[in-house]
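Report on the structure given below.
Values in this document were obtained by computation on a predicted structure and should not be read as measured data. Reckoned from all heavy atoms, side chains included, excluding hydrogens, waters and symmetry mates. Reminder, nothing fancy here: chain letters follow the sequence lines and each chain counts from 1.
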Amino acid sequence: MLAYIVRRVLYAIPLLIAVNLITFLLFFSVNSPDDMARAQLGNKNVKPEMIERWKREKGYDKPKWFNAKAYGIEKLTDTLFFQKSVKLFLFDFGNADNGRNIGYDIRVRMWPSLAIALPVLLVGLLVYITFAMTMAFFRATYVDFWGVIFCVVIMSISSMFYIIGGQYLIGKLLHLTPISGFNPDNMFKFLVLPVIIGIFSGLGATSRWYRTIFLEDINKDYVRTARAKGLSEGVVLFKHVLGNAMIPILTGIVATLPLLFMGSLVTESFFGIPGLGSYVIDGIRAQDFGIVRSMVFLGSVLYILGLLLTDISYTLVDPRIRFS
Amino acid sequence: MSDYRKPVAGTIGRTWCWLCLAGLGLLLPGCDRSGGVWNNPYPQSHQGKKILYSLFSGRPKHLDPARSYSSNEYTYIGNIYEPPLQYHYLKRPYQLIPLTAEKMPLVEHFDHKGNRLPKQAPASRIASTVYTITIKPGIKYQPHPAFARDQQGRYKYHHLTPRQIAQVDKLSDFSFGVNDTRELSADDYVYQIKRLAHPRLHSPILSTMVKYIDGLKEYAASLRKYNTELKTKIRVVQRLVSELDRFSMRGKVFSQVKKDYLEAMAPEEAKLLLAELERIPQQTGSVKTVLPSLRKALDKLRAEYRFLDLNRFPLPGVRVVNRYTYQIILKKRYPQLKYWLAMPFFSPMPYEVEKFYAQAGMKQKNISMDWYPVGTGAYMLTKNDPNSQMVLQRNPNFRGIPYPASGEKGDREKGLLDDAGKLMPFVDKVIFTLEKESIPIWNKFLQGYYDTAAIPSDSFDQAVKINVEGDARLTETMRSKDIQLATSVRMSISYLGFNMLDPVVGGNSERARKLRQAISIAIDYEEYISIFLNGRGEVAQGPLPPGMFGYLPGKEGINRYVYDWVNGKPRRKPIAYAKKLLAEAGYPGGRDPKTGEQLILYFDLTGGGAQDKAERDWFRKQLRKIDIQLEIRETDYNRFQEKMRDGKAQLFRWGWNADYPDPENFLFLLYGPNGKVKYRGENAANYDSKEFNRYFKQMETMPNSPQRLAIIRKMLHTVQRDAPWIWGFHPKSYALFHAWYKNAKPNDMSHNTLMYKRVLPALRDQRRRQWNKPVLWPVYVLFVLLVVTLVPAFKVYRDKLNRAKKAVKGQGR
């Protein structure tokens, strides 16, 4: 297994270089260093010499790919791409263009993101499984029929609607929770509404998927055997089917675990939660390459980590699967 | 078999029970019953406190007074830093008064021989102007660790070790008290003026100030050179240290390695390195013995770079006369300097604070001047978390300033003089919460959780009704909550510009002028304001906003090329007249007679979301009225700026917010040598009229007088005739505030307005309780509905079981 993990980590390196390269290309095809300087220096009284000085100070005056004026290896290393990329691989994110330390900001902002994402994941899992299992249990009855319709309706509506509607209904009309805000000392109060909305907006798609998994398993041989043994439908479903159906469910969740840190842009924006989701957008708006490259790199690393964990979890839950 | 069924039914029941409990568990503890209110976003401990609740939508970029130049940053630093002057809070037109200054600056003019000249002396005779500013004694800075001293009187935190810095994450981690302060002195003001030239601060006003402050240009150049030299020295010494650090070098003789190294370097770098090496005492022996001295030299260089010594070079334009008096020496007359003296750029900066922040490792902890400002103002920033909250707290060392005893007409009736003579600030704490979306802001304001709010466009009709006379009135819903409205025309302009370098719409020819005038008539800004701004704007007749010296209200001030004065009101000229002008411009029926083609104009705009479509269509419709086809060129912000710099736009939209209430600050936007394309200035239209330029040079440095007014009128007439802009509108601000929020008066110029505000916490708490009683019945209804929905399902399940039971029994028989 160790050899497999090492191999996967080594595979990840060219992948991360490619991601970094594409981020660099895309960013600088939209923003030039001059635009970045103007975004930082403001709109009023920005003179060309100020822009030049800013670029020099931040290292954006270097050639992008190849420095013909440098000597030896520095022709490649004394370039914008190399200087801005190499430290990422040591997880040294450096400073944002506004002078703030990016690593520090990421460490601070990942906790509010996690504070929403984790309860949405755990409570959501419980709710989705219960709902899907109920539909499967009462399959071919009105509960199943209307349950599926309910799911389709829920998944057809934009998550933005649930946010605005939830804030309006629960926060404004019923006065049950604050409409928005965040306070680390009393965060529970502020998380109730986004967590409920987060769970509800995912209810349709996820419960339908889980229901399909349960129904697929219901027709398998081991279920027939269990019924033949005389077990009741409830025991068959909740003991045998649920146990086996949890394999795809849990492995699917493992893939998303690392990405929980990255936060949700829309939710954080509407609820004023200072997480990493809004950090990316702040960086893009401010044309801050430091923030953008760091967040894209971090997202890629976490995604690769998620895939690796998924593979490992397959072998743990299903003994038939082996690393090759 | 029945043995299995019971637990299963139990499992389902338990699942639902847990689900309901989890739901309730999520809901109920979340709602702390602070005063019977569940949705209060603030802690219960805030009740009864003099706290003002406000919001912000974007993080401030800079809080350093030498760099900061935007209104969202001035919200904070305007209340922290104190320049020598301020604007009167109530009087209009805006009036400058002393803040930390004893009295208004003494302004003296001198000729080339140093003889004092009279105030009204012509600009040509003035060789220098001296501003003498005396500050009040006894003003103290907010408590700050940079001022903290130990028992021996040495600074406590100016020589922190890396280990000590590692233990600190924010400023409050340092131990310091109210007495860790010092008195404000004239040196601090002079130091800040020097900071404007700091090569790494990129002060946006440096390019303006070098034109006026004596020697500032040369001083800035010297600092830049010094900064570059230091940077190069660090690089070459660093490279040498890395080279010597290699194991293979350790045993070699330093002098030989140095010689080889210097020979391989560029001559200029070698010269710098040699100069630096000469400062190192011990250079004999092996590399290993010299390395520690080299490392020490490198550390010293880095420290010098972090804290650039601004006193290293002379700046003749500033002078400390005594502890409380300083002078600013200008190369010529510049009456607008007094307005700059009311802006944070000219605030005091204590030398020791900058030294404190310059220590190694502070920047990595984000502890910097840009993050933790230090001033003498009424408030100090105690929490700087732009991801969620910014908190300003009363500065315990603030001296207290009496609330003004006079204002403009009508202020007394509005209760704006009720606090006359009382010492400010009235509010102990101001909490700014991050809110990015307008819907939550509006709803929280209506719930009483924000004391004041702007009206979002979507909710405008819910808050305000405009009557036939065009007056804004609050709706019944707002009045029932005792919400009040304050409106004012802002000191800014939003206009539509013509690129004067464009061959079709630009130039000073009669043809182009008539074309621009025709378009100016066709674009009906009254309609625009009504449709797209809910009436929140006043049509502009020229570049100057109402309230500005030189602005002419009524018949005298209208733009006679676009309006007629009819029945005591300006009326836009008819479209037929615009068509006639268009024909005279060589486009009868909107067509070019030479080609027969319809005239097509291009309008460059940024944005371009679905919500902007109606506006785009409206602009097209306006030009269609005179048979001109308008093509909208959507472009992203960066490319738009590029087009403007290259002069490739034809029509464009632009705006300007006043820096200070002087007509020069608007008219310079049309001054030829400020052209964007040629001179990279703020004249976006690239308008260049000899007549206007001549008037501008005359008017620029004149004090307000009838002579100045006469020149401004001529200038306004010139630009109204030439029509380089379609004058657009001056935006109106509509602010709503609750009954408990006192002394609210819109003020576009003042930056230290928070200390004037007063709140009535008891009334606020009572209203919040009244407006936010939790409504629980829908939750109960939902629960009952859930149960009712599931009962038949359980019945179905039971029937299934019974059928199975019967089947089993039947098999048994």
Residue that, paired with B:Ser388, satisfies side chain to side chain contact (heavy atoms under 4.5 Å, CB included) out of A:Pro112, A:Pro184, A:Pro274:
A:Pro274
For chain A, which of B:Ser203, B:Pro778, B:Pro774, B:Pro41 has the most heavy-atom pairs under 4.5 Å?
B:Pro41
What distance separates B:Trp38 CH2 from A:Lys189 NZ, expressed to the nearest 0.5 Å?
12.0 Å
Let's test your reading of the structure: which of B:Arg59, B:Lys365, B:His62, B:Lys363 forms the most heavy-atom pairs below 4.5 Å with chain A?
B:Arg59
So, for A:Lys47 and B:Ser207, which heavy atoms are closest and what is the spacing to 0.1 Å?
CE-OG, 3.5 Å
Can you confirm whether B:Leu776 sits close enough to A:Leu176 that some side-chain heavy atom of one is under 4.5 Å from a side-chain heavy atom of the other?
yes
Is a side-chain donor or acceptor of B:Lys61 paired with a backbone partner of A:Ala286 at a separation under 3.5 angstrom?
no
Test: B:Asp385 and A:Arg109 ion pair at under 4.0 Å:
no
Pick from A:Lys239, A:Met50, A:Lys172: which one has the most heavy-atom pairs with chain B under 4.5 Å?
A:Lys172
Under a 4.5 Å cut-off applied to non-hydrogen side-chain atoms, are A:Gln40 and B:His202 in contact?
no
Salt-bridge present (B:Lys436, A:Asp282; N to O < 4.0 Å):
yes
So do the side chains of B:Thr228 and A:Arg56 get within less than 4.5 Å of each other, counting heavy atoms only?
no
Return yes when atom CZ of A:Phe161 has more than 12 non-hydrogen atoms of other residues, nucleotides or ligands closer than 6.0 Å, and no otherwise.
no
Please look at A:Glu57 and chain B and tell me whether the side chain, the backbone, both or neither of the residue comes under 4.5 angstrom of a heavy atom of that chain.
both
Taking every heavy atom of A:Ser269 against every heavy atom of B:Glu437, the minimum-distance pair comes out as OG-OE2, 2.9 Å
Answer key: most heavy-atom pairs under 4.5 Å with chain A among B:Glu435, B:Arg67, B:Lys231, B:Arg200 is B:Arg200
Where do B:Asn638 and A:Asn31 land on the side chain to side chain contact (heavy atoms under 4.5 Å, CB included) test, with the steps shown first?
CA-CA 7 Å; B:Asn638 290 337; A:Asn31 309 289; 3.0 Å; yes
Portion of A:Phe271 that has a non-hydrogen atom of chain B nearer than 4.5 angstrom
neither
Choice from B:Arg680, B:Lys773, B:Gln389 maximising heavy atom contacts with chain A below 4.5 Å
B:Lys773
Are any non-hydrogen side-chain atoms of B:Ile439 and A:Ile179 less than 4.5 angstrom apart?
no
Engaged part of B:Trp777 at the chain A interface, taking heavy atoms whose separation is under 4.5 Å:
neither
From CA spacing to verdict: side chain to side chain contact (heavy atoms under 4.5 Å, CB included), B:Arg224, A:Arg53:
CA-CA 10 Å; B:Arg224 267 201 300 277; A:Arg53 276 206 300 277; 3.3 Å; yes
Straight-line distance of B:Glu642 CD to A:Asp34 CG, nearest 0.5 Å
9.0 Å
What part of A:Leu191 gets within 4.5 angstrom of chain B, counting heavy atoms only: side chain, backbone, both, or neither?
neither
